[in-house]
K.L.:
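Handing you a structure now.
Nothing here was measured: the structure is a model prediction, and the numbers come from that model. Throughout, protein chains are lettered first and strands after them, A, B, ... in sequence-line order, and every chain is numbered starting at 1.
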There are 2 protein chains.
Amino acid sequence: MNDDKPNSWQAVQQDIRRRITQREWAPGELIPHEADLAQEFGCARSTMNRALRGLADDGLLERKRKAGTRVALNPVRQVRVEIPVIREEIESKGNAFHYLLLRKELHVPPPDICARLQSDPNQPHLHIETLYTANQRPYVYEDRWINLNAVPQASDEAFDTLSPNEWLVRQVPFESGDFTFSAISATARIAEVLSCEPGQGLFVLDRTTRSKDHVLTTVRLTFHAGYQLRTEI
Amino acid sequence: MNDDKPNSWQAVQQDIRRRITQREWAPGELIPHEADLAQEFGCARSTMNRALRGLADDGLLERKRKAGTRVALNPVRQVRVEIPVIREEIESKGNAFHYLLLRKELHVPPPDICARLQSDPNQPHLHIETLYTANQRPYVYEDRWINLNAVPQASDEAFDTLSPNEWLVRQVPFESGDFTFSAISATARIAEVLSCEPGQGLFVLDRTTRSKDHVLTTVRLTFHAGYQLRTEI
DNA sequence: AAGTGGTCTAGACCACTCC
DNA sequence: GAGTGGTCTAGACCACTTA
């Protein structure tokens, strides 16, 4: 590491961070310009810039040209969350990973899914339901729709050796997407699939993936009871 | 913006990103070194470095000294999630924000909370329960413990003009923390507070905050039914 | 109009890691 | 030992924003 080197951007950043967290600079306060700070720390302005830019990315500082740099009033507005790759998440805990194809059908999606796929309301698409298990115990239930306008080759795929997710990642480049975290009460169907009580509160991750012109797929992952998504800052 | 400038790191990054998403470079493939790419793009190595470093931060590339840079096998492993600042989240939707102090007591925490606070199992701490409302409707229920070893002045605070969270942010510098997202089934108590059915699945955010030496506070936010946390990539 | 952050460059040295 | 990314520097110009 370079933390000991007094002029590394990490060392500089750490000291600036300390000044912020220890209230040496109060929230909302204007701090010295890059150039002055660089001189004070005896480093190049680019080094100071990198340190400050990082803190701004983390939400600790707010920077504006001409206006200068201020300590953010409300720190820590964002965290990075690792999106689990199911297979790895299960195997990294030393558990056996399997998946079970519960359904693979072509039919017309309900209206909400049609809207998400940005598709003609009468056009059929591929509907796939999968259960992923850890040591034979239900881990997460996946309810996926694949847009056949965007991924026509999906209808010929058996998904017997590769899970839908792994197959899609290899098949189709994607560019953007959105994620939604929420909670639901287990329906009778989901309770059966995940071996829990009906009504049980379950953690849910909805993901919609797009390429340049199309929505590729939309998927809802419903996790087993007690599942947690952790992160640190 | 500088996106049009052909030598801006953004422009370079965008083109590299395109090569990755469009499979011009396959997942797992070794890509040219910084120096070569810089020459190809006609930019300085530092510019290329910044572009590639950003893509590595996003999880699209994996870089190792001497080994070189590879396209990540499984892209998009992490997303940035905005941690809601309750007051702002409510007011930004044009709703009236209020909070209601349901409880403020000093007593010995249950064992799991003691563990989180890293505290003596017999020592009392400050327990605060708050309900935040949007247009008088329950929005989120906050169940908080404050470590009195770390924040002794909390016991004198009435929390009548400032919510516990806003007060703490102003009082105490903190350095790190962890976040956990999960789901629960509403207990009778929570159902009453949040005006929902017992057993209803609810989205939960647990947060523990530390300064250098102490755990400052641990809090569980239980959101109203139907709450979603969204993010995009 | 002027101040401040944002970025680019060219060159240098260093640190890590693979062979 | 050697190759590759990581970083620092000094200087320059630019873009955005406020006054």
K.L.:
Within this structure, what is the CG-to-P distance between B:L30 and C:dC18, rounded to whole angstrom?
P.N.:
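Interatomic distance, CG of B:L30 to P of C:dC18: 12 Å.
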K.L.:
Mind checking what makes ring pair (Phe, Tyr, Trp, His ring centres under 6.0 Å) contact with B:H224, not counting sequence neighbours?
P.N.:
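B:H224 satisfies ring pair (Phe, Tyr, Trp, His ring centres under 6.0 Å) with B:Y139, B:Y227 once adjacent residues are dropped.
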K.L.:
Return the value, rounded to whole Å, for the distance between atom CZ of B:R53 and atom P of C:dT7.
P.N.:
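Whole-Å distance recorded here is 11 Å.
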K.L.:
Does B:R230 come within less than 4.0 Å of B:E232, counting only side-chain N to carboxylate O?
P.N.:
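Yes.
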K.L.:
Starting at atom CE of A:M48, determine the distance to atom P of D:dA10, rounded to an integer number of angstrom.
P.N.:
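The distance from CE of A:M48 to P of D:dA10 comes to 13 Å, rounded to the nearest Å.
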K.L.:
Quick one: A:W9 CH2 to D:dT9 P, roughly how many Å, whole number?
P.N.:
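Checked: the CH2 to P distance equals 14 Å.
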K.L.:
In this structure, how many angstroms lie between the C1' atom of D:dT17 and the CD atom of A:E62, rounded?
P.N.:
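Atom CD in A:E62 sits about 15 Å away from atom C1' in D:dT17.
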K.L.:
What class does the angle between the rings of A:Y132 and A:Y99 fall in, given that below 30° is parallel, 30 to 60° is tilted and above 60° is perpendicular?
P.N.:
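Tilted.
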K.L.:
Counting heavy atoms from C-beta on, name the nucleotide in D:dT7, C:dC8, D:dA10 closest to the side chain of A:S46.
P.N.:
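Ranking D:dT7, C:dC8, D:dA10 by closest atom to the A:S46 side chain puts D:dA10 first.
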K.L.:
Looking at A:R137, is its backbone amide N or carbonyl O close enough to the side chain of A:N135 to form a donor-acceptor pair, meaning the two atoms are under 3.5 Å apart?
P.N.:
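Pair absent, no side-chain N/O of A:N135 close to backbone of A:R137.
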K.L.:
For the pair B:D57 and B:R53, find out whether any cationic side-chain nitrogen is under 4.0 Å from an anionic carboxylate oxygen.
P.N.:
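No, no charged N to carboxylate O under 4.0 Å.
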K.L.:
Provide, to the nearest angstrom, the distance between the CD atom belonging to A:Q10 and the C1' atom belonging to C:dC14.
P.N.:
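Checked: the CD to C1' distance equals 13 Å.
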K.L.:
In whole angstrom, give the distance that lies between atom CD of A:Q39 and atom C1' of D:dT9.
P.N.:
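Atom CD in A:Q39 sits about 15 Å away from atom C1' in D:dT9.
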K.L.:
Going by the rule side-chain hydrogen bond (donor to acceptor under 3.5 Å, both in side chains), which residues pair with B:Q228 if we only count those two or more places apart in sequence or in a different chain?
P.N.:
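Testing B:Q228 for side-chain hydrogen bond (donor to acceptor under 3.5 Å, both in side chains), a comparison that skips the adjacent residues, returns none.
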K.L.:
Grab the N/O contacts between the protein and nucleotides 1-5 of chain D below 3.5 Å, and write none if there aren't any.
P.N.:
residue, atom, partner, partner atom, Å
D:dG3, O4', B:K66, NZ, 3.4
D:dT4, OP2, B:H33, ND1, 3.3
D:dT4, O5', B:H33, ND1, 3.3
D:dT4, O4', B:K66, N, 3.4
D:dT4, O2, B:K66, N, 3.3
D:dG5, OP1, B:T69, OG1, 3.3
D:dG5, OP2, B:E34, N, 3.3
D:dG5, N2, B:R65, NE, 3.4
D:dG5, N2, B:R65, NH2, 3.3

K.L.:
Is the phosphate of C:dT7 approached by B:N7 (side-chain N or O, under 4.0 Å from OP1 or OP2)?
P.N.:
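Answer is no, no contact under 4.0 Å.
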K.L.:
Send over the distance from A:L61 CG to C:dG6 P, rounded to a whole Å.
P.N.:
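After rounding, the gap between these two atoms is 11 Å.
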